[in-house]
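Worksheet: the structure to be examined is printed underneath.
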Amino acid sequence: IYGDFEIYGDGIYSASVLFDGQTVDENIPVDDDGKFMIECDCGEGLYTVIISQRIGDDFDSYSLDIYNGDFQLAGYSNLDGRTLMIKQIKKYDRDVAKLSLKDAYMIKDLVRKPLSQVDTDELYFWDKIFENLDESFCAYTGDFGVVTYKFNRLGKVIIIFSPCGQVLINAVGEEGEYEPLIYNTDRKWLLTDRSRLTKREKITSVIPVDDDIYEIQVEIRR
């Protein structure tokens with residue numbers, strides 16, 4: 001289980017993880033970037049994560065719970081028909097910097113794609129972890145779109161889940177080519193292509209969401 005939280009201020013933090021009310025692990029160190037990791041036999045279901053801060057010094061201290069939240073853990077191998085919500089897109093080298101999105105974005109109707117049908121030479125990526133897709137990776141295709149009053153489809157995407165939790169999302173073109181998602185800095189849009197942009201925006205206001213710079217965080221829904 002990997003945890004990634006935004007924590008502001010200096011301090012000593014730890015995490016506890018519970019499954020079905022039973023303690024899985026506790027007093028897990030949380031690093032300065034708000035991340036922790038534990039190894040366990042994880043089953044699908046509802047997990048509770050508690051983040052605590054140590055108050056005081058070595059002679060007189062106590063733990064104060066500063067966060068308590070529930071998370072539904074779903075295995076990457078069984079997501080057919082599910083929906084992914086784009087929670088945030090943040091820079092790896094910055095604690096809090098992230099792309100500001102005007103609207104909510106989701107990927108609907110996931111369909112498992114055999115890895116034998118994924119040509120890594122055609123995928124758009126920079127992180128070398130995606131060079132060799134073995135059986136520990138999972139690939140899906142789905143409909144990417146923006147949610148305003150309703151779901152508005154923008155295009156087709158392919159999603160690759162790594163065994164360590166990284167998420168790679170490529171837009172799939174009309175001829176099956178893979179391209180990065182693009183971000184419009186003026187309108188705060190996330191897009192699969194440049195067709196909705198003006199000529200000026202196509203030149204001055206577009207950046208690719210490169211996987212070695214930006215971490216895409218998603219939430220799995222029914």
Side-chain angles (χ1 to χ4, degrees), residues 2 4 6 74 76 79-94 96-113 115 117-131 133 137-148 150-221:
Y2 296 85
D4 188 355
E6 291 185 359
Y76 294 147
L79 298 180
D80 283 289
R82 302 282 284 272
T83 295
L84 299 180
M85 294 295 301
I86 305 295
K87 290 189 63 178
Q88 65 176 1
I89 303 174
K90 58 187 293 188
K91 279 193 172 183
Y92 279 111
D93 61 349
R94 300 283 294 276
V96 296
K98 56 187 176 183
L99 299 182
S100 175
L101 298 176
K102 179 183 177 182
D103 300 299
Y105 293 85
M106 68 165 54
I107 303 169
K108 291 181 62 177
D109 302 325
L110 297 186
V111 177
R112 183 77 178 268
K113 187 177 181 69
L115 291 174
Q117 298 178 12
V118 180
D119 188 346
T120 55
D121 292 334
E122 300 297 329
L123 282 175
Y124 181 95
F125 64 90
W126 293 98
D127 192 330
K128 291 185 177 180
I129 193 173
F130 295 106
E131 286 183 347
L133 303 182
F137 290 77
C138 291
Y140 291 86
T141 57
D143 291 326
F144 177 85
V146 59
V147 182
T148 51
K150 62 179 182 178
F151 176 78
N152 296 296
R153 185 181 185 276
L154 299 175
K156 182 180 179 181
V157 294
I158 184 171
I159 311 100
I160 309 290
F161 293 99
S162 85
C164 296
Q166 292 103 317
V167 179
L168 175 68
I169 301 177
N170 277 190
V172 181
E174 293 182 359
E175 298 182 3
E177 71 277 12
Y178 298 130
E179 297 290 346
L181 295 179
I182 57 174
Y183 177 70
N184 176 257
T185 56
D186 286 346
R187 306 196 203 194
K188 315 302 182 187
W189 285 351
L190 194 60
L191 301 168
T192 54
D193 60 56
R194 292 172 166 79
S195 62
R196 299 170 185 267
L197 302 177
T198 65
K199 289 184 178 180
R200 183 189 67 81
E201 288 175 329
K202 292 177 182 179
I203 299 173
T204 64
S205 307
V206 171
I207 57 174
V209 184
D210 289 338
D211 60 292
D212 63 331
I213 299 175
Y214 296 99
E215 176 186 14
I216 299 179
Q217 298 180 349
V218 299
E219 176 183 329
I220 300 172
R221 295 189 177 181

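If you read the sequence from its start, that first residue is 1, and numbering goes on from there.
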Of I89, I216, V146, the residue whose pairing with L190 passes side-chain contact (heavy atoms from CB on, under 4.5 Å):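 Answer to the side-chain contact (heavy atoms from CB on, under 4.5 Å) test with L190 among I89, I216, V146: I89.
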From I129 atom CD1 to F137 atom CZ, the distance as rounded to the nearest 0.5 Å: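 Answer rounded to 0.5 Å: 4.5 Å.
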D210 CG to L168 CG distance, which is reported to the nearest 0.5 Å: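 Output value for this atom pair is 10.5 Å.
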Any [X] side-chain heavy atom under 4.5 Å of [Y] side chain:
X    : Y    : result
L84  : I169 : no
Y140 : R112 : yes
D211 : F130 : yes
R196 : R187 : no
L110 : T83  : no
L181 : L191 : no

Non-neighbouring partners of D4 that pass side-chain hydrogen bond (donor to acceptor under 3.5 Å, both in side chains), sequence neighbours left out: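 So D4 forms a side-chain hydrogen bond (donor to acceptor under 3.5 Å, both in side chains) with Q217.
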Listed partners of E219 passing side chain to side chain contact (heavy atoms under 4.5 Å, CB included), at least two apart: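 Counting only residues at least two positions away or on another chain, E219 forms a side chain to side chain contact (heavy atoms under 4.5 Å, CB included) with M85, K87, R221.
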Set of side chain to side chain contact (heavy atoms under 4.5 Å, CB included) partners for D186, sequence neighbours left out: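 By the side chain to side chain contact (heavy atoms under 4.5 Å, CB included) rule, D186 matches N184, R200, E201, S205.
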Over 12 non-hydrogen atoms of neighbours within 6.0 angstrom of NZ in K202: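 Enclosed.
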More than 12 heavy atoms of other groups within 6.0 Å of R194 CZ: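 For R194, atom CZ is not crowded (no more than 12 foreign heavy atoms under 6.0 Å).
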Pairs flagged by ring pair (Phe, Tyr, Trp, His ring centres under 6.0 Å) wherever residues 183-220 is involved - sequence neighbours left out: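 Sorted pair list comes back empty.
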Residue pair I107, V218: steps toward the side-chain contact (heavy atoms from CB on, under 4.5 Å) verdict: CA-CA 10 Å; I107 303 169; V218 299; 5.8 Å; no
Could you list the donor-acceptor pairs under 3.5 angstrom formed by side chains in residues 170-179, with sequence neighbours left out?
residue	atom	partner	partner atom	Å
N170	OD1	Y124	N	2.7
N170	ND2	Y124	O	3.0
E177	OE1	E175	N	3.1

Residue pair V118 / A139: nearest heavy atoms and the distance that separates them: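 Shortest heavy-atom separation between V118 and A139 comes out as CG2-CB, 4.1 Å.
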Using a 3.5 Å cut-off and no angle test, enumerate the donor-acceptor pairs between side-chain atoms of residues 150-162 and protein atoms at least two apart in sequence or in another chain.
residue	atom	partner	partner atom	Å
N152	ND2	T148	OG1	3.2
N152	ND2	K150	O	3.4
R153	NE	D143	OD1	2.9
R153	NH2	D143	OD1	3.3
S162	OG	C164	N	3.2
S162	OG	G165	N	3.3
S162	OG	Q166	N	3.0
S162	OG	Q166	OE1	2.5

